[in-house]
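Right, one structure below, let's go through it.
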2 protein chains.
Amino acid sequence: MARTPQKRTLETRARLVAVAQDIVARNGFEALRVEDVVQVAGVAKGTFFAHFRDKDALMDRLIGARLDAEIDAMVAAPPPRDLAQMVDRLVPLLTFMTSERYVFDVILRYSGAAAREEIGAIATTFGRQIEVFIGWIEGGDFRRDVPAAILAEGVQAFAVQVMALRFCALHGGNGLRDPLSTYLAAWLSPPQPSA
Amino acid sequence: MARTPQKRTLETRARLVAVAQDIVARNGFEALRVEDVVQVAGVAKGTFFAHFRDKDALMDRLIGARLDAEIDAMVAAPPPRDLAQMVDRLVPLLTFMTSERYVFDVILRYSGAAAREEIGAIATTFGRQIEVFIGWIEGGDFRRDVPAAILAEGVQAFAVQVMALRFCALHGGNGLRDPLSTYLAAWLSPPQPSA
DNA sequence: CAAGATAATTGACCGTGGTCAATAGTGTAA
DNA sequence: TTACACTATTGACCACGGTCAATTATCTTG
């Protein structure tokens with residue numbers, strides 16, 4: 001089914017990705033232009049679209065790689081024992097996700113595998129996140145009356161909520177930490193005996 | 001500061017909106033093209049952008065109006081006394097929001113007031129939602145250990161989560177009701193004595 | 001009403017993502 | 001090496017959102 005790709009193909013694709021990464025490193029994701037990529041890479045425009053379905057497919061790959069690196073770092077650190085630590089572990093990931101409005105939008109759009117298409121890099125990292133959260137929740141002092149998988153999905157939902165708040169004029173740019181702590185305290189704390 | 005708008009202006013804007021609504025009614029939001037709108041309305045393209053900052057500003061208005069109507073219906077119905085009823089009240093709103101992938105994306109992008117710009121129609125309806133949820137939560141049999149405002153924002157976060165899931169190939173098109181019930185049960189239920 | 005000021009409208013033009021029929025390159029078998 | 005099938009590349013072209021200097025309509029004031 002899948003033919004062996006030619007050496008030339010792999011070189012071209014690698015060059016496109018390398019050039020794109022370079023442009024992003026210099027000017028950010030939002031500033032990336034397909035025309036710039038192909039011009040610097042020295043190929044025609046059509047070549048780009050022979051390698052990537054559309055511009056977003058390249059973005060999915062670039063942003064997905066960065067998300068993967070953030071999750072690697074999350075996993076490398078010791079698992080959080082309590083809520084404050086969990087928030088600490090999350091902040092770097094959420095900081096990258098909100099580094100640009102454009103990046104956040106792309107991530108939201110591709111965080112679920114697009115229907116009937118293959119699952120993309122960003123969507124894969126969202127699956128990874130859930131796995132990591134489940135591990136954290138099972139290993140820490142959190143509520144047990146709800147399955148860890150549901151709790152993990154809730155953590156993701158609140159993370160998105162907090163990130164969206166960051167781009168909101170009303171609840172303007174106050175940090176990620178405080179609102180996330182508030183939500184997760186209410187979501188993850190074991191039922192209090194008194195209160 | 002604000003000049004009185006000319007009669008002509010109001011007519012032109014009304015015509016643009018009417019034509020756009022008609023196109024949306026026929027072919028959906030995604031199919032709307034600015035060029036079609038101006039062509040049918042009988043004005044030049046530049047005129048459109050003298051009335052709306054960009055295409056999204058028109059979308060914000062059209063979608064915002066629909067959201068407002070859904071919220072009106074939500075408010076008109078008797079407030080929910082329990083979780084199942086709350087989910088019932090929410091489903092029509094969420095169904096509209098997920099009627100098109102494109103609509104959902106626009107809503108997400110504009111659900112928070114865009115930084116430093118005026119608050120838009122969609123963002124306003126998200127504020128309304130919170131108010132409605134607060135009222136529901138205060139009037140029903142839900143947990144009291146967390147401020148109603150926080151609980152309301154959580155309801156919104158879970159609603160977004162459930163809608164996003166709908167467009168996800170993995171957890172494919174299963175309804176809104178079940179996952180939403182699961183999340184909200186864990187989020188809103190008063191702490192159980194046993195279990 | 002005339003003249004000037006302000007606001008609305010026009011449409012040629014641009015930027016940029018994306019398409020596709022034609023062409024060139026690559027691997028393979030005789 | 002030649003012939004052939006298949007793959008990769010090309011670049012002119014299109015779609016569509018958005019811009020702006022020039023033009024036209026409307027309002028105001030004497």
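In what follows, chains carry the letters A, B, and so on, assigned in the order in which the sequence lines appear, proteins first and then strands, with residues in each chain numbered from 1.
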Quiz item: Between Glu35(A) (CD) and dT16(C) (P), how many Å, whole number?
Solution: 7 Å
Quiz prompt | Atom-pair distance (CZ on Phe49(A); P on dG11(D)), nearest Å | solution = 16 Å
Quiz item: Expressed in angstrom and rounded to an integer, what is the separation of Leu10(A) atom CG from dT7(D) atom P?
Solution: 14 Å
Quiz item: To the nearest angstrom, how far is Arg13(B) atom CZ from dA7(C) atom P?
Solution: 14 Å
Exercise. For the side chain of Lys55(A), starting at C-beta, report the closest nucleotide among dG11(D), dG18(C), dG17(D).
Key: dG18(C)
Practice problem: Work out how much the helix from dC1(C)-dG30(D) to dA30(C)-dT1(D) bends between its end axes, five pairs an end, to the nearest 10 degrees. | Solution: 10°
Exercise. Please determine, for the side chain of Arg8(A), which listed nucleotide (dT10(C), dG17(C), dT26(C)) has the closest atom?
Key: dT26(C)
Self-check item: Side-chain heavy atoms of Leu62(B) within contact of Arg66(B), under 4.5 Å
Solution: no
Quiz item: Closer than 4.0 Å, any side-chain N/O of Thr12(A) to the OP1 or OP2 of dA8(D)?
Solution: no
Quiz item: Taking side chain as C-beta onward, heavy atoms only, is Pro78(B) less than 4.5 Å from Arg89(B)?
Solution: yes
Quiz prompt | Separation of dC16(D) P from Asp56(B) CG (nearest whole Å) | solution = 16 Å
Practice problem: For the side chain of Thr47(A), starting at C-beta, report the closest nucleotide among dT9(C), dG17(C), dT10(D). | Solution: dT10(D)
Practice problem: May I ask you to decide whether Asp56(A) forms a salt bridge with Arg61(A), counting only side-chain N to carboxylate O separations under 4.0 Å? | Solution: no
Quiz item: Rounded to whole angstrom units, what separation is found between the CD atom of Glu11(A) and the P atom of dA8(D)?
Solution: 13 Å
Quiz item: Does the pair Arg128(B)/Asp72(B) count as a salt bridge with the N-to-O cut at 4.0 Å?
Solution: yes
Quiz item: Is the Phe158(A)-Trp187(B) ring centre distance short of 6.0 angstrom?
Solution: yes
Quiz item: Which comes earlier along DNA chain D counting from the 5' end, the contact point of Lys7(B) or that of Phe48(B), where each point is its nearest nucleotide?
Solution: Phe48(B)
Self-check item: Common cluster, Ile122(B)/Tyr102(B), ILVMFWY with side-chain heavy-atom separation under 4.5 Å
Solution: yes
Exercise. With heavy atoms under 4.0 Å as the rule, sort Thr9(B) into base, sugar-phosphate or nothing.
Key: sugar-phosphate
Self-check item: Check: dG17(D) base within 3.5 Å donor-acceptor of Lys45(B) side chain
Solution: yes
Self-check item: Interatomic distance where CG belongs to Asp54(A) and C1' belongs to dT16(C) [whole Å]
Solution: 14 Å
Quiz item: Does Arg33(A) put a side-chain nitrogen or oxygen below 4.0 Å from OP1 or OP2 of dT16(C)?
Solution: yes
Quiz item: Is there a side-chain contact between Glu30(B) and Arg101(B), using heavy atoms and a 4.5 Å cut-off?
Solution: no
Exercise. Please state how far atom CG in Leu32(B) lies from atom P in dA15(D), giving the value in whole angstrom units.
Key: 17 Å
